[in-house]
Engineer: 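Have a look at this one.
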Amino acid sequence: MMEQEKEANRTGAFYKSKAEAESLIALHKRMLTLRVVELSSNLITKGLAVLIVVLFGALSLLIGSFAIGRYLNTLLESQFMGFFLVCGGYLFLIVILIVCRKILFDSLLRNAVIRTLFQMISEK
């Protein structure tokens with residue numbers, strides 16, 4: 001009889017601690033899910049903000065390029081030379097970016113992305 005009571009107490013304690021452990025695991029799972037949702041929503045929000053800034057920057061660059069092209073056309077008294085000069089300037093920048101892409105994009109951009117991700121994680 002005594003052994004049955006001890007066994008019942010052990011079994012009850014086991015089930016109680018098992019229930020607490022399952023509750024704790026469920027709580028940690030929920031917290032992890034909320035953390036992932038928070039980080040991903042922050043990342044998406046920042047990505048959309050960058051996309052909007054890039055879009056407006058590209059639009060400004062396009063309009064400014066047309067204005068500079070027209071101004072150079074007036075100075076050179078030509079219909080197309082100003083646009084060709086602007087296009088040549090952009091081609092020159094593209095060549096420089098292609099030559100320096102390993103330095104600029106591989107290391108600097110990767111480091112900036114990693115730094116941003118770690119800052120997002122450490123803020124929380």
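For reference, positions follow the sequence shown, starting with 1.
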Engineer: Determine, using the 4.5 Å side-chain heavy-atom cutoff (strictly less than), whether Val86 and Leu93 are members of one ILVMFWY cluster.
Structural biologist: yes
Engineer: Are any non-hydrogen side-chain atoms of Leu27 and Ser23 less than 4.5 angstrom apart?
Structural biologist: no
Engineer: Can you check whether Thr74's main-chain N or O pairs, donor with acceptor, with Ser78's side chain at less than 3.5 Å?
Structural biologist: no
Engineer: Tell me the closest heavy-atom pair linking Leu61 and Tyr90, and the distance in Å.
Structural biologist: CD1-OH, 3.2 Å
Engineer: Rounded to the nearest 0.5 Å, what's the gap from OG on Ser40 to CZ on Arg35? Could you check?
Structural biologist: 11.0 Å
Engineer: Out of curiosity, does Phe66 fall in the hydrophobic cluster containing Leu85 (side-chain heavy atoms, cut-off under 4.5 Å, transitive links)?
Structural biologist: no
Engineer: So, do Leu59 and Ile63 sit near enough that their side-chain heavy atoms are less than 4.5 Å apart?
Structural biologist: yes
Engineer: Give the cluster check for Phe92 versus Leu62: same hydrophobic cluster or not, with ILVMFWY residues linked at side-chain heavy-atom distances below 4.5 Å.
Structural biologist: no
Engineer: How many angstroms lie between atom CG of Asn73 and atom CZ of Phe83, to the nearest 0.5 angstrom?
Structural biologist: 5.0 Å
Engineer: Quick one: do Tyr71 and Leu76 end up in the same hydrophobic cluster if we chain Ile, Leu, Val, Met, Phe, Trp and Tyr together by side-chain heavy atoms under 4.5 Å apart?
Structural biologist: yes
Engineer: Hey, what do you get for CD1 (Ile44) to CG (Leu39), rounding to the nearest 0.5 Å?
Structural biologist: 11.0 Å
Engineer: Can you name the one residue among Val53, Ile52, Val54 that meets side chain to side chain contact (heavy atoms under 4.5 Å, CB included) with Phe56?
Structural biologist: Ile52
